[in-house]
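Below is one structure, written out as structure tokens; comments come after it.
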Amino acid sequence: MKKIRTRFAPSPTGYMHIGNLRTALYAYLFAKSQHGDFILRIEDTDRARYVADAVEFIEKTLAAAKIIPDEGPHHGGEFGPYVQSERMEIYKKYAEQLVESGHAYRCFCVNDEPENNSDDKKFGGYNRHCRDLPAAEIEKNLAEGKPYVIRQKMPLTGETTFFDVLHGNITIANSELEDQVLLKSDGMPTYNFANVVDDHLMEISHIIRGTEFITSTPKHVLLYKFFGWELPTFIHLAPVMGKSPDGTVSKLSKRHGATSFNDLIEAGYLPEVITNYVALLGWNPKTNQEIFSMNELIEKFNLEGLSKSPAVFDYDKLDWMSGEYFKAMTDENFAEAADKFFGALDENLSAKKVYLSSLLKTRVNRLSQIPDTIKFLQVMPPLDAELFINKRNKVTVEKSIEIITPALKILEGVENWTVDALNEKIFAFVEESGLKMGTVMWPLRIALSGQKVTPGGVTEILFLLGREESFRRLNSALEFLKKS
RNA sequence: GGCGCUAUCGUCAAGUGGUUAAGACACCGCCCUUUCACGGCGGGUUCGUGGGUUCAAAUCCCGCUAGCGUCACCA
């Protein structure tokens, strides 16, 4: 059996859309699950869209996502070069071959010459003016040095059918196919030509790409036929959609929020969370497992689980999955991953990063939520008497004063400012007071944090704040309450 | 508009002629609780529509509708 070889062939735009990342992931997973090769090929045949350093950007992004090419611009391989702009002579040679065999022809029409374009869009806007140009005229044009493109000579009748793993047989009438440009006047191939030549030369066995290529596939199939090449297996993936606030669904784009791998990293999602989530957006393992490491993904991936209908990117589910990863991390690993999101911490908090991480990792879904979550530890938010009033725990402003006052005394007696010691003292205090735990804790939390919700309980907050700052806040809260 | 693809809860989805139509996220309710989180329990007219085929259809066929894609010297 032939070796399985898949490829990811992005154009170097300097942006890794989630949809593209998923295509790369599936191509990678399929190749690896079959002990095959995954190739990275850069399709930079559009000079106008060239972006500096985009190749490096793509390689870095794939590396971050743990999608490792076996061959590519900087990964070596026997089938290079892997950048299309470096393969121009190859395309030229094959295009000429097609002209000789009568399956392509030179077209001297100027791009926007109106008489050569039909309004009815019948042939994609081109009226096949040069399709049967007399040999003498071609010679004359060539001699004059007229620029030209090479166009594919489509059959006028009949139909072309190809097999797609997901969609089965797809048939399109040849009359629908335009005489597309194979080689541009600047000598660069078009996508439709280059990808066929390269996929064949690079021995790609399975072409995994988006559905937007379904309608151009018959043109590619015809090219394989003209060359007498064996057809690869096609797998056209459904697109990744985004949901707008108004409820409508369309192809995932910027207006839906973060849509590139990098956007998501900046939003504080772990790379492995992104690949895990994206893998499940359009592929189903047929079990109830949802958390997968890359190795498990490789092990379990199969084409049968691929879905042929579009999937909507769901940020809520991404958040959930992200939280699951955090909970499974050690405090140390979390602290490390979260490091740049902590911002500038004072000496006290800086020393307690790992402890802080133990509290944070169960309550945060995105690392970018960290700054807001821990801000109160660094700057005491303004108090509001309303905050102290809590019906459920039967707490009022007066009650708060009655609790904080003796609590301060108790805390003064704490020698080791540790969570355990603080717990011991406070629990004892609660018991003596005859009050409910919640009744005692509520006003203390508010006094210490100015928030109803905090990452951790009162004793954890006391510990994080440190002795000095805790007393400062408790005392000033007491003063505040007495004035209210 | 032509051509093509798609259609199961709000979302991801299982399902391949006979199921009480899984599971997850989100949502709602209840419980637990030191707030939040975590955890536990419970909840919801989900097979776009109209015709067939069949003893039996979410599953097969046809039409319709809707969404998406494509019709470049972009990929």
ask   = Could you give the CG-to-P distance, from A:Asp179 to B:rC71, as a whole number of Å?
value =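 Nearest whole value for this atom pair: 16 Å.
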Using the side-chain heavy atoms of [X], tell me which of these nucleotides is nearest: [options].
{"X": "A:Arg151", "options": "B:rA24, B:rC36, B:rC73", "answer": "B:rC73"}
{"X": "A:Arg49", "options": "B:rA24, B:rC12, B:rC74", "answer": "B:rC74"}
{"X": "A:Arg363", "options": "B:rG2, B:rG4, B:rA37", "answer": "B:rA37"}
{"X": "A:Glu43", "options": "B:rA13, B:rA24, B:rA75", "answer": "B:rA75"}
{"X": "A:Val312", "options": "B:rC12, B:rA75, B:rC71", "answer": "B:rC12"}

Classify the nucleic acid contact of [X] as base, sugar-phosphate or nothing, counting any heavy atom under 4.0 Å across all strands shown.
{"X": "A:Val458", "value": "base"}
{"X": "A:Asn423", "value": "base"}
{"X": "A:Thr362", "value": "sugar-phosphate"}
{"X": "A:Ser11", "value": "sugar-phosphate"}
{"X": "A:Asn288", "value": "base"}
{"X": "A:Gly282", "value": "sugar-phosphate"}
{"X": "A:Phe427", "value": "base"}

Side-chain N or O of [X] less than 4.0 angstrom from OP1 or OP2 on [N]?
{"X": "A:Lys286", "N": "B:rG15", "result": "yes"}
{"X": "A:Lys317", "N": "B:rC12", "result": "no"}
{"X": "A:Thr45", "N": "B:rA75", "result": "yes"}
{"X": "A:His167", "N": "B:rG4", "result": "no"}
{"X": "A:Lys436", "N": "B:rU33", "result": "no"}
{"X": "A:Lys219", "N": "B:rA75", "result": "no"}

inquiry  = Assess the residue pair A:Phe326 and A:Ser357 against the criterion (side chain to side chain contact (heavy atoms under 4.5 Å, CB included)); give the C-alpha distance rounded to whole Å, side-chain angles, the decisive distance to 0.1 Å, and a yes or no.
reply    = CA-CA 10 Å; A:Phe326 289 154; A:Ser357 294; over 6 Å; no
key: Spacing of the C1' atoms in B:rA57 and B:rC61 (rounded, Å)   =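 Those two atoms are separated by 12 Å.
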query = If the C1' atom of B:rC68 is compared with that of B:rC73, how far apart are they to the nearest Å?
reply =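 Nearest-Å result for B:rC68 against B:rC73 at atom C1': 27 Å.
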inquiry  = Can you see whether A:Tyr126 has A:Arg151 sitting over its ring - NZ or CZ less than 6.0 Å from the centre and within 45° of the normal?
reply    =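 So A:Arg151 does make the cation-pi contact.
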message = Please find the pair of heavy atoms, one from A:Ala421 and one from A:Val414, that lie closest to each other, and give the distance.
response =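 Nearest heavy atoms, A:Ala421 then A:Val414: CB-CG1, 4.3 Å.
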request  = Specify the closest pair of heavy atoms between A:Arg7 and A:Asp199, including all atoms of both residues, with the distance to one decimal.
outcome  =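 So the two residues come closest at NH2-OD2, 2.7 Å.
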So which protein N/O to nucleotides 60-69 of chain B N/O distances come out below 3.5 Å?
none

request  = Could you check which nucleotide pairs with B:rA66 in any of the strands shown, counting Watson-Crick or G-U wobble with both distances under 3.5 Å?
outcome  =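 Paired with B:rA66, as far as the under-3.5 Å criterion goes, is B:rU6.
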message = One thing to verify: whether A:Arg473 and A:Glu469 come together as a salt bridge, which I'm taking to mean a side-chain N less than 4.0 angstrom from a carboxylate O.
response =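 Yes, charged N to carboxylate O under 4.0 Å.
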